[in-house]
Each structure stands twice: as structure tokens, then as C-alpha cells.
Colleague: 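Right, I'll just put the structure down here and ask away after.
Only heavy atoms go into these numbers, but all of them, side chains included; no hydrogens, no water, no symmetry mates.
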Amino acid sequence: MVSIIYMILATAMFFLQDTYFLLGGVEFSLKNPCIIGILFLALLNFTVTVKLDRVMVLARHGATQMLPLVIPFLFSSVIWVAERADGITILNGVGMIVPQLLSIFVAASTLYLFGEKGIWYCLGAMCLANFLRVLAVIAEGGAAAFFQEFVTLLTSFSAETGPLMTALEINDLTFAFGPFLIYLLLNRKGISRWLLWFLCSMVFFLIGLKRIAIPAVVLGVLAAWMVGRMPEKAAKQTALFLGVGMIFCSFMYIVGIRMGLFQYLQERLGINAMGRVEMFANLEPYYDISITYMGRGTGFERFVDWASGVVYNTPRRTIMQIHNDFLRMYLNIGFTGYLVWLWGYLMVRLRYWFWQGGKDAGCLFLGICIYCFVLYATDNTIYYPYTMLACAIVPMSCHFNDMAENILDQHCAQWSRLGGEAGFSPSDHSETGS
């Protein structure tokens, strides 16, 4: 019964992403009640089952996954206080962080309800939601037109698309399949029904095809596979070295943009920058490459239409976003905040997954980080809740059942030892009760 209720709620959550309702004059997505339903289902199940082993592991996993969300909030809070920001600015920033937090709570709730199998319930709900969207599009435009547009999409590598494929181009859902594909490609032998899951994930990944996502998956899988072939200590050191390199490259990417990288690519090499030269020119008045640059606070980018440079008094979702999450984060939380954020995002979490989950989990997480960093360089992926959910649940599910069993045994042994040191023993308890 629990699995059926979860699948209904999770499928509706993925399906209703772009469906909104008004409450007090404010737009809310219909996916939010579904999210609350999943969290309530897990809480209700906890009151009945009280699986402390899973809770203890999920508390660690969840805190680690939330670290890159807490850091921008803390730095933004300082900025808001220093600049005496109004309530709209603060609510806008908090409103961008909360959906990310909820995504991690949904991942934790899913794993509490189903253990390691939770990853397949989540992926199954994603596939089912996408399948329902495909059926709706086919019902509207016809099966022949759908398959013709799908073939054109693949053969042109998404350069040409039609209205039916455009209707299925839900970026968040497409990018969310990436971490699952990385997991499937790295664990082919250890997954039952591997071919079914892989084919379903690949088909829906291609239906909403985003060109940047394909090299992102390939690079993530290759890096994780190559590092995974090393001895555990060497693998951990190599992963941390790659993490430092990713931090350096991302910052130099921002410096390059400020110095006219895209203008050079467009004017000298003839590469179509797709409006990024003008967009980055509109960004220049708002940030500096300086250690003293504090940032503008999370959510600032919603006040400016970066295509035209028009500034608004209230935040808007429909304006041109910054197609570069590194620059977006630097703009929001400044020089120091950006480096601290990346250190928490990469170095702290890489160490955690190698320590907590071993080489398999550490390499898997490295692959997901590389996947995300490729997307961050050209897109707005960092605030996509479904992508965040996938990036959380995939590493959190790795050896989850074994971790839960081991952590409870460790704590029971620790509690017994502490009880013995305090002078209590099972025999004392039995004598007292008799």
C-alpha cells in the first residue's frame, strides 16, 4: 500500500512541474502538495516502523548533501543584513533555496520508505511521468508526427525540433536522468533488470535531448570508471586532486568570461555564442573579480533581464536567466562565498562519500559532480529541483542497506560498552526486575 501511494504522489510530483495555482496572489506549483504528501507518508511510516538504523544514516547523508545549500544561505544572510534588504528580496532568495532542500528531503524520505530500492521507485516515477507526457503529446499531435519529430531530433542532434518535441523539452526532467544513467553505466552487473532501466532512462533522456548533457554523462562515467580502477587510497587522492582542479577551472572560467572569452570565441573563431556575449556584457556592472567582492545575495539574478539589461523592482521567473551557474553563484555570494561553497560542494563531500561509502560511492559521487559541473558551465541546472533530487538519491542509495545495518550494530555496541562502564549489565537488569 505504501509503495502504491508513493508512486502516485511521486509520479504526480514529476508530472505537475509546470502546473501552478494561486494562493494569496502568489503562484505555487502543484508539485508542492505532492512533495508534502511524500514527506508526510515517510513521517507516518516512521511513527509505525521507527527504523533508527535508516534514520541515522540518512541524517548523515542529508546533512552532507545540504551543505552546498546552507553555505549560500549563510553568505546571503550576511549580505541581506549588511544591505538592509527588503522582505521581497529575502523571500525571493529563500524561495530559491527551499525547493532544493525539499528535494533532498524527498530523497531521504524515499530511501527511508524503501531502503536501497528507493532509487528504483524514484526512477520509476520519473519514467512514468515522462511516459504520461508522451501519451498526452501523441494524443494531441498523432503518433506518426511524434516519431517523425523524434527521429529528426536525434539525427540533427537537437538542432532541428518540432512542436511536439518542444512540448516534451522539460530541462529539469531531462537533466535528472543523467545521474541515474551514470549509476546504471557504472553498475551494470549488480543491478537486476538493468537493461529495462537503462533503456527507459535513455529513451526519456533522448526525448528531451539537451546536447550538453550527453558529453556531461560521458565525462562523468569515464572519470568515475578510471578512478574506480585504482586502489582505494589512490582513488580518493585522485578524486580530491580532480576536485581542486575543478575549483580552479571554474574560477578561471569566470575570469575568462570577464576578460571577454565568449566575445573572442564569437568574433575571432566564428563560434555562435547564442546571445551570451550581450548577456555577459549586461552582467559586468554587477560584479568584480576581486577578493573584496561580497556578492548580491541569492536570487538577485531574478531582478534583471540579462538579455536586455532591464532592472525590475520585483523578482520574475520568466526573464532571461544567466546560462552559467558558476557566474550566477559568484554574482550572488561573492569571492569568499564562492570558494567556500565550492570547497563544501566538492572537497568536503568527496571526502565524506569515500569515507562513508567506500570507493564505489566516492567514485560515483565524483562522476555526478563532473556531470553537474559540465552543465553548470552553460545552463541554469543548479536550481532544478528534480536534478537536485536525482543527484542526492543516487549516491545516498549506494550500499545504503549495509550502512544502516552496520551503523546500528556500531551504536548498539557503543551503548553496551557505555552501559558496562556505568556499572549496568543485563544480569543487573534481570535481578532488579525479579
Side-chain angles (χ1 to χ4, degrees), residues 26-29 66-103 171-172 250-251 253-259 262 275-345 372-373 375-385 387-388:
V26 180
E27 277 190 343
F28 291 93
S29 173
M66 288 179 189
L67 186 60
L69 313 180
V70 174
I71 291 171
F73 175 74
L74 293 177
F75 277 90
S76 296
S77 298
V78 174
I79 295 167
W80 292 330
V81 171
E83 296 185 353
R84 298 181 180 179
D86 56 28
I88 293 177
T89 300
I90 296 172
L91 286 175
N92 172 57
V94 173
M96 296 186 73
I97 295 173
V98 168
Q100 295 177 293
L101 292 172
L102 288 176
S103 297
N171 292 351
D172 192 3
S250 72
F251 182 74
Y253 183 48
I254 295 172
V255 174
I257 290 172
R258 182 73 182 195
M259 297 178 67
F262 278 84
R276 283 175 171 80
V277 173
E278 295 76 14
M279 179 181 67
F280 293 144
N282 290 331
L283 268 159
E284 288 185 4
Y286 298 99
Y287 75 100
D288 296 308
I289 304 298
S290 170
I291 195 171
T292 60
Y293 175 64
M294 278 188 60
R296 301 279 176 166
T298 297
F300 172 77
E301 70 273 16
R302 283 185 171 181
F303 287 90
V304 183
D305 185 351
W306 301 108
S308 62
V310 176
V311 181
Y312 297 94
N313 293 324
T314 56
R316 301 192 178 192
R317 290 188 301 105
T318 56
I319 60 178
M320 174 71 166
Q321 295 293 317
I322 302 170
H323 287 267
N324 185 320
D325 280 326
F326 296 124
L327 185 53
R328 178 207 297 255
M329 192 60 67
Y330 183 84
L331 172 73
N332 284 342
I333 60 177
F335 183 92
T336 302
Y338 180 79
L339 294 181
V340 173
W341 168 70
L342 276 182
W343 191 264
Y345 189 108
C372 289
F373 269 52
L375 301 183
Y376 292 170
T378 62
D379 220 295
N380 309 302
T381 324
I382 201 166
Y383 289 121
Y384 286 166
T387 305
M388 173 67 71

Colleague: Just do the side-chain contact (heavy atoms from CB on, under 4.5 Å) check on I319 and Y312 with the steps written out, would you?
Modeller: CA-CA 10 Å; I319 60 178; Y312 297 94; 3.9 Å; yes

Colleague: Output, in order, the C-alpha distance, side-chain angles, deciding distance and verdict of side chain to side chain donor-acceptor pair (under 3.5 Å) for T89 and D86.
Modeller: CA-CA 6 Å; T89 300; D86 56 28; 2.7 Å; yes

Colleague: Taking atom CZ of R302 and atom CG of N92, what is their separation to the nearest 0.5 Å?
Modeller: 5.0 Å

Colleague: Does the side chain of V94 reach to within under 4.5 Å of the side chain of V98, using non-hydrogen atoms?
Modeller: yes

Colleague: Nearest 0.5 Å please: distance from the CD atom of E278 over to the CE atom of M320.
Modeller: 9.5 Å

Colleague: Check step by step if side-chain contact (heavy atoms from CB on, under 4.5 Å) holds for W343 and V340.
Modeller: CA-CA 5 Å; W343 191 264; V340 173; 5.6 Å; no

Colleague: So if I apply the ring pair (Phe, Tyr, Trp, His ring centres under 6.0 Å) rule between F335 and each of F251, W341, Y293, which one comes out positive?
Modeller: F251

Colleague: Report yes or no: does D305 contribute a side-chain atom to a donor-acceptor pair with the main-chain N or O of V310 at less than 3.5 Å?
Modeller: no

Colleague: Testing the basics here: between P315 and I88, what is the closest heavy-atom pair and its distance to 0.1 Å?
Modeller: CD-CG2, 3.4 Å

Colleague: Can you list the steps and then say if F300 with L331 is a side-chain contact (heavy atoms from CB on, under 4.5 Å)?
Modeller: CA-CA 8 Å; F300 172 77; L331 172 73; 3.9 Å; yes

Colleague: Measure the spacing between OG of S103 and CG of L69 and express it to the nearest 0.5 Å.
Modeller: 9.0 Å

Colleague: Quick one, F262 and I257 - any side-chain contact, counting heavy atoms below 4.5 Å?
Modeller: yes

Colleague: Would you name the heavy atoms of G299 and F303 that are closest together and state the gap between them?
Modeller: O-CD1, 3.8 Å

Colleague: Should the ring pair Y376 and F326 be called parallel, tilted or perpendicular, given that the plane angle runs from 0 to 90° and is split at 30 and 60?
Modeller: perpendicular

Colleague: Does R258 count as lying over the ring of Y287, i.e. NZ or CZ under 6.0 Å from the six-ring centre, within 45 degrees of the axis?
Modeller: yes

Colleague: Over all heavy atoms of both residues, which pair between W80 and G297 is shortest? Give the atoms and the distance, please.
Modeller: NE1-CA, 4.0 Å

Colleague: Just so I know, are the side chains of N332 and F75 near enough to count as touching, which here means a heavy-atom distance under 4.5 Å?
Modeller: no

Colleague: Mind checking whether L342 and F373 have side chains closer than 4.5 Å, heavy atoms only?
Modeller: yes

Colleague: Check whether any side-chain heavy atom of T298 lies under 4.5 Å from a side-chain heavy atom of F73, and answer yes or no.
Modeller: no

Colleague: Taking atom types as modelled, is there a side-chain donor on Y338 or S250 under 3.5 Å from an acceptor on the other?
Modeller: yes

Colleague: Kindly compute the distance separating CG (D172) from CG (N380), expressed to the nearest 0.5 Å.
Modeller: 11.0 Å

Colleague: Rounded to the nearest 0.5 Å, what's the gap from CG on L375 to CG on D325? Could you check?
Modeller: 8.5 Å

Colleague: Enter the distance from R328:CZ to I333:CD1 here, rounded to the nearest 0.5 Å.
Modeller: 12.0 Å

Colleague: Do M329 and E301 come within less than 4.5 Å of each other through their side chains, counting heavy atoms only?
Modeller: no

Colleague: Any side-chain heavy-atom pair from N282 and E284 closer than 4.5 angstrom?
Modeller: no

Colleague: Is there a side-chain contact between Y253 and N324 in this structure, where contact means two heavy atoms from C-beta onward sitting under 4.5 Å apart?
Modeller: yes

Colleague: Check for a donor-acceptor pair, side chain of Y383 on one end and backbone N or O of P99 on the other, with a separation under 3.5 Å.
Modeller: no

Colleague: Between Q321 (side chain) and D379 (backbone), is there a donor-acceptor pair under 3.5 Å?
Modeller: no

